[in-house]
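Scroll down for the structure; my scribbles are underneath it.
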Amino acid sequence: MKIRKIAFLLLPLAALTAGLAIWGPEALARYRDRGVLNQIHSQEVETGTEGYRYALGGNDKIYILSKCLNNQIQPESEQSAMTRTGQGDLDYQELTGTYAFVVNRKDAEGKEVSGEEGIELCNAAVRELKELGILPDSIRELTPSAYNAELYSAIDVPEPRNNVLVWKISLGTGKQNADKRNRLLDAYVDADTGKIYEFYVRSSITSWSQIDPDQMVTSWAAYMGLGEPQEYEGTNPLSETTPHFKKYSFDGMEEGSTVVTIGFYEDINELFLKISK
């Protein structure tokens, strides 16, 4: 008798369970759809391309800049060189030659920049080169009133994404006849990293014998993130206007290379490191 009562109670429960199994998923789906369909939803996601910028290595940068400085090919009319991907409409068909060195007005983010920003960046780089023993400690701080700073883009015209944004820092023309002792005269400074590619300074050094060019170029290469320097073979002794210099070679783009020269003018106590001819 008890078994019949239990079976009688279980029959409705089994029927309810079977009904839920058939009707339940469909009803749940309709309920969820009402909460999603015909409504706008937002969700924050991380993407690997956000903020992406094409990045060149140190060897590639000095190669492009050296080519541009050696060619000094500019467009017929001055224009802002918006060379970063997606940041401007520079017509590269107006550029002549393979490499162009173009006056710029904006930084890598497309913002207007002042010369004081370039001078501040150069001051920080000078301090770092002093700490590394590449520049003499006697080199003075740069002041905005005494220096000019202009922003340039060095561009590989056939491949415009290959470009380097640099500050050209130079002692102002009004200061050319002033005391130049222990002053930076000219420099090219990377606008992104603040690294100095090239410099000319008047220093307290009085002779070439006081300079160790091998040590100097090795320290500068490490500072720039380059590979090991190789002594440049076949140097023409008449290639410079001073007898006191030494040339080195660094790997460039593809099969190319960049020549770096360390030199000194004893009569005016001027030390230089350059990547251009």
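Small disclaimer: the values here were computed from a predicted structure and weren't measured.
- Going from atom CG of Leu142 over to atom CZ of Arg140 covers 10.0 Å, rounded to the nearest 0.5 Å.
- Scanning both residues, Cys68 and Ala100, for their nearest heavy atoms gives SG-O, 3.4 Å.
- Between Glu270 and Lys180, no side-chain nitrogen of the basic residue sits less than 4.0 Å from a carboxylate oxygen of the acidic one, so the salt-bridge criterion is not met.
- In this structure a side-chain-to-backbone donor-acceptor pair under 3.5 Å is missing from Ser249 to Tyr232.
- Inter-residue side-chain proximity for Thr261 and Leu273 is flagged as unmet; no heavy-atom pair is nearer than 4.5 Å.
- Val126 has its side chain out of reach of Phe199: every pair of non-hydrogen atoms, C-beta onward, lies at least 4.5 Å apart.
- Between the side chains of Thr241 and Tyr265, a donor-acceptor pair is found at a separation under 3.5 Å.
- The shortest distance between side-chain heavy atoms of Trp220 and Ile262 does not fall below 4.5 Å.
- No more than 12 heavy atoms of other residues, nucleotides or ligands sit less than 6.0 Å from atom CG of Asp251.
- The two atoms that bring Tyr223 and Gly194 nearest to each other are OH-O, 3.8 Å, heavy atoms only.
- Annotation: Tyr188 is not in aromatic contact with Tyr197 [ring centroid separation under 6.0 Å not met].
- In this model, no donor atom of one side chain and acceptor atom of the other lie less than 3.5 Å apart for Thr206 and Glu266.
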Does the side chain to side chain contact (heavy atoms under 4.5 Å, CB included) test come out yes or no for Glu198 and Leu69, once each step is laid out?
CA-CA 11 Å; Glu198 184 170 306; Leu69 294 177; 3.9 Å; yes
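- Heavy-atom neighbours of Glu116 CD from other residues, nucleotides or ligands within 6.0 Å: at or below the threshold of 12.
- Between Phe264 and Thr242, the shortest heavy-atom contact is O-OG1, 2.7 Å.
- Counting heavy atoms of neighbouring residues, nucleotides and ligands inside a 6.0 Å radius, atom NZ of Lys277 does not exceed 12 of them.
- Summarising the geometry of Pro213 relative to Ile211, their closest heavy-atom pair is CD-O, 3.2 Å, with the distance given to 0.1 Å.
- Note that CD1 of Ile169 is 13.0 Å distant from CG of Leu185, once rounded to the nearest 0.5 Å.
- Here the NE2 atom belonging to His244 is positioned 12.5 Å from the CG atom belonging to Leu271, to the nearest 0.5 angstrom.
- Thr235 has its side chain within reach of Phe245: a pair of non-hydrogen atoms, C-beta onward, lies under 4.5 Å apart.
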Going through the distances and angles, do Lys247 and Glu240 end up as a salt bridge (charged side-chain N to carboxylate O under 4.0 Å, His left out)?
CA-CA 10 Å; Lys247 292 182 179 288; Glu240 300 292 334; 2.8 Å; yes
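- The residues Asp156 and Lys67 are annotated as not salt-bridged, no charged nitrogen and carboxylate oxygen being separated by less than 4.0 angstrom.
- Atoms CG and CD1, from Leu65 and Ile155 in turn, are 12.0 Å apart once rounded to the nearest 0.5 Å.
- Residues Arg183 and Ile139 are not in side-chain contact: their nearest non-hydrogen atoms beyond the backbone lie 4.5 Å or more apart.
- Between Glu128 and Lys195 there is a salt bridge, since at least one side-chain N of the basic residue sits less than 4.0 Å from a carboxylate O of the acidic one.
- Taking OG from Ser138 and CG from Asn182, the interatomic distance works out to 3.5 Å, rounded to the nearest 0.5 Å.
- Nearest heavy atoms, Ile275 versus Ser66: O-CB, 3.2 Å.
- Inter-residue side-chain proximity for Pro229 and Phe250 is flagged as met; some heavy-atom pair is nearer than 4.5 Å.
- Using a 4.5 Å cut-off on side-chain heavy atoms (C-beta onward), Ile64 and Asn163 make no contact.
- Using cut-offs of 30° and 60° on the angle between ring planes, the pair Tyr152 and Phe101 is parallel.
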Audit row: Asp60, Met253, side chain to side chain contact (heavy atoms under 4.5 Å, CB included) steps and yes/no
CA-CA 5 Å; Asp60 296 336; Met253 299 183 72; 3.2 Å; yes
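- Cluster annotation: Val259 and Met216 are assigned to distinct hydrophobic clusters (Ile/Leu/Val/Met/Phe/Trp/Tyr, side-chain heavy-atom contacts under 4.5 Å, transitive).
- A 4.5 Å side-chain heavy-atom check between Val157 and Thr98 finds every atom pair outside the cut-off.
- Other residues, nucleotides and ligands place no more than 12 heavy atoms under 6.0 Å from the CZ atom of Arg181.
- Checked by atom type and distance alone, the side chain of Tyr248 pairs as donor or acceptor with a backbone atom of Asp214 at under 3.5 Å.
- Side-chain atoms of Asn104 and Ser153 include a donor-acceptor pair closer than 3.5 Å.
- Smallest separation of non-hydrogen atoms from Leu171 and Leu184: CB-O, 4.3 Å.
- Here CE of Met224 is found 13.5 Å from OG of Ser219. Values are rounded to the nearest 0.5 Å.
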